[in-house]
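Single-structure report; data block below.
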Amino acid sequence: MIEFILDNLLLVAVVLVSGGLLVWPLISNKTMGPVVDNDQAIEYINRKNAFVLDVRSPKEFKRGAIAGSKNIPFENFEARLEECPKDRPIIVVDTVHTFSHKAATLLRKKGYKDVFVLTDGIKGWVDARLPFTR
C-alpha cells in the first residue's frame, strides 16, 4: 500500500484535493450559513418578496446596487437592525463575503429566519448582467 502511494503520489494528491472540493460546500454551509446563487436569489426576490440587504459602504452603494436593495452599511449595522423585516427572506450582499457573512450571522443570532448570503456577491450579479442600478 505504501509503495503504491509513493509510486502514485500525484494521483493520490488529485484524489485528496478532489474529495476536499466535493466536501467544501457542505462544510461552508454549516460554518457560514446558507448561501444562494444568482438564480436562487431571483427566485426568492420574485416569488417570496425577499429583502435584499446591501452591507457595503454608502459610497460603494451609490456607485451601483442590485435593483430594489436597501443599504445598511456593516459599520453601523447593529444599530439599524430593526430596519430588516422579520417576515421576509433576507439576502445579504457585499462586494466580497467578509461583511455579508458577518451580517447574516448576526441576523440569525437575533432571531431572523431565512437569511442567505449571495454566493458571488455584487461582482457575480453584475457579471451575470442582472438588474443593477447606477
Side-chain angles (χ1 to χ4, degrees):
M1 178 71 162
I2 298 292
E3 187 176 320
F4 173 81
I5 292 172
L6 293 174
D7 289 342
N8 297 291
L9 200 55
L10 182 60
L11 176 64
V12 171
V14 168
V15 168
L16 291 174
V17 169
S18 298
L21 291 173
L22 288 172
V23 174
W24 176 250
L26 298 172
I27 294 169
S28 67
N29 260 0
K30 289 183 179 173
T31 59
M32 294 185 268
V35 295
V36 291
D37 62 22
N38 289 337
D39 292 335
Q40 293 167 317
I42 291 167
E43 185 82 14
Y44 272 96
I45 292 166
N46 290 336
R47 297 228 169 121
K48 297 183 179 182
N49 193 27
F51 179 77
V52 181
L53 171 63
D54 191 320
V55 295
R56 297 176 300 151
S57 72
K59 183 178 177 182
E60 289 174 300
F61 186 78
K62 285 179 186 171
R63 279 190 240 146
I66 293 175
S69 63
K70 173 147 178 105
N71 181 229
I72 303 176
F74 187 76
E75 290 78 37
N76 54 352
F77 182 66
E78 274 194 83
R80 296 178 59 190
L81 202 60
E82 73 282 346
E83 294 178 42
C84 299
K86 283 197 170 190
D87 61 341
R88 295 165 56 189
I90 298 175
I91 300 171
V92 187
V93 299
D94 192 358
T95 305
V96 291
H97 300 116
T98 307
F99 297 121
S100 54
H101 281 292
K102 290 178 181 178
T105 299
L106 182 61
L107 285 166
R108 286 186 208 99
K109 285 181 181 175
K110 297 291 184 176
Y112 286 79
K113 307 278 188 243
D114 293 330
V115 179
F116 306 92
V117 172
L118 185 62
T119 304
D120 295 321
I122 293 295
K123 183 180 179 340
W125 188 269
V126 171
D127 289 348
R129 298 177 189 224
L130 294 169
F132 195 73
T133 58
R134 293 191 189 268

(message) I'd like to know if Leu130 and Phe116 are part of one continuous hydrophobic network [Ile/Leu/Val/Met/Phe/Trp/Tyr, side-chain heavy atoms within less than 4.5 Å].
(response) yes
(request) Quick one: pull up CD1 in Ile91 and CG in Leu53 and give me the separation to the nearest 0.5 Å. (result) 10.5 Å
(request) Would you confirm whether Asn71, through its side chain, and Phe61, through its main-chain N or O, come within 3.5 Å as a donor-acceptor pair? (result) no
(message) So does Cys84 get a backbone contact from the side chain of Tyr112, meaning a donor-acceptor N/O pair under 3.5 Å?
(response) yes
(request) Taking the side chain as every heavy atom from C-beta outward, state whether Phe74 and Ser100 have any atom pair closer than 4.5 Å. (result) no
(message) Using only atom types and a distance under 3.5 Å, with no angle test, would you say the side chain of Thr119 pairs donor to acceptor with the backbone of Val36?
(response) yes
(message) Donor-acceptor check, side chain of Arg108 to backbone of Val115, threshold 3.5 angstrom: yes or no?
(response) yes
(request) Report yes if some heavy atom in the side chain of Arg56 is under 4.5 Å from a heavy atom in the side chain of Val93; otherwise report no. (result) no
(request) Applying side chain to side chain contact (heavy atoms under 4.5 Å, CB included), run through Asp114 and Phe51 and close with a yes or a no. (result) CA-CA 10 Å; Asp114 293 330; Phe51 179 77; over 6 Å; no
(message) Less than 4.5 Å apart, side chain to side chain, heavy atoms only: is that true for Ile66 and Leu118?
(response) yes
(request) Calculate, to the nearest 0.5 Å, the distance between atoms CG and CG belonging to Leu81 and Leu106 respectively. (result) 5.5 Å
(request) For atom NZ of Lys113, decide whether the heavy atoms of other residues, nucleotides or ligands shown that lie under 6.0 angstrom number more than 12. (result) no
(message) Tell me the closest heavy-atom pair linking Ala104 and Val117, and the distance in Å.
(response) CB-CG2, 3.7 Å
(message) If I compare all heavy atoms of Trp125 with all of Pro131, which pair ends up nearest, and what's the gap?
(response) NE1-O, 2.8 Å
(request) Measure the shortest side-chain to side-chain distance between Val92 and Phe77 over non-hydrogen atoms and say whether it is less than 4.5 angstrom. (result) no
(request) Please identify each residue that fulfils side-chain contact (heavy atoms from CB on, under 4.5 Å) with Arg80, with sequence neighbours left out. (result) Lys70, Ile72, Pro73, Asn76, Glu83
(message) Whether the side chain of Thr133 engages the backbone of Ala65 through a donor-acceptor N/O pair (distance < 3.5 Å, no angle test) should be reported.
(response) yes
(message) Looking at every non-hydrogen atom in both residues, tell me the closest pair between Arg88 and Asn49 and how far apart they are.
(response) NE-O, 2.6 Å
(message) With a sphere of 6.0 Å drawn around CD of Glu75, does it hold more than 12 non-hydrogen atoms of other residues, nucleotides or ligands?
(response) yes
(message) When you compare the side chain of Asp127 with that of Asp120, does any pair of heavy atoms fall below 4.5 Å?
(response) no
(message) Once rounded to the nearest 0.5 Å, what's the spacing between atom CZ of Arg63 and atom CD1 of Ile122?
(response) 12.0 Å
